[in-house]
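I have placed the structure first, in the form of structure tokens, so that the comments after it can refer back to it.
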Amino acid sequence: LALKYDPTKEETHLQLISLHQGMGNKEKAEQAAKKLTKELPGSLIGWSIYSRLLVVNGKGKRALIPAKERMIFKVTIQN
């Protein structure tokens, strides 16, 4: 299986993550998700997948760090 790697496209990163997961390589999937968040920091799915993979790989405490460091969303409730 060959992937045309285009780092500017979210789908490319997601396919690579999926490929690594399908092959049972959780660490490489995590690395690919981390790369997605670095190259496309606005990717909500990228941050979600990266955090989930950190939990799956036994790094649950680290999964909160991206959320704390990068406030992607700020929810304001107005009365």
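Along the sequence shown, residues are numbered consecutively beginning with 1.
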Original post:
Looking only at atom types and distance, does a side-chain atom of Ser18 sit under 3.5 Å from a main-chain N or O of Leu14, one as donor and one as acceptor?
Top reply: no
Original post:
Between the main-chain N or O of Leu40 and the side-chain N or O of Ser43, is there a donor-acceptor pair closer than 3.5 Å?
Top reply: no
Original post:
For the residue pair Gly46 and Leu36, what are the closest heavy atoms and their distance?
Top reply: CA-CD2, 3.3 Å
**OP:** Provide the full list of ring-ring contact (aromatic ring centres under 6.0 Å, His included) pairs with a residue in residues 18-42, sequence neighbours left out, each pair given once.
**Re:** none
**OP:** List the atom of Ile17, the atom of Ala32, and the distance in Å for their closest heavy-atom pair.
**Re:** CG1-CB, 3.7 Å
Subject >> Point-to-point distance, once rounded to the nearest 0.5 Å, from CG of Leu16 to NZ of Lys28 >> reply: 9.5 Å
Subject >> Side-chain donor or acceptor of Trp47 paired with backbone N/O of Pro41 under 3.5 Å >> reply: yes
Subject >> Which atom of Leu53 lies closest to which atom of Ala29, heavy atoms considered >> reply: CD1-O, 3.5 Å
Subject >> Spacing of Glu11 atom CD and Asp6 atom CG [to the nearest 0.5 Å] >> reply: 11.5 Å
Original post:
Glu39: what forms a side-chain contact (heavy atoms from CB on, under 4.5 Å) with it, not counting sequence neighbours?
Top reply: Tyr5, Pro7, His13, Lys35
**OP:** Using a 4.5 Å cut-off on heavy atoms from C-beta on, say whether the side chain of Lys34 contacts that of Gln31.
**Re:** no
Subject >> Those residues that, when tested against Lys59, pass side-chain hydrogen bond (donor to acceptor under 3.5 Å, both in side chains) (two or more places apart) >> reply: Glu27, Glu30
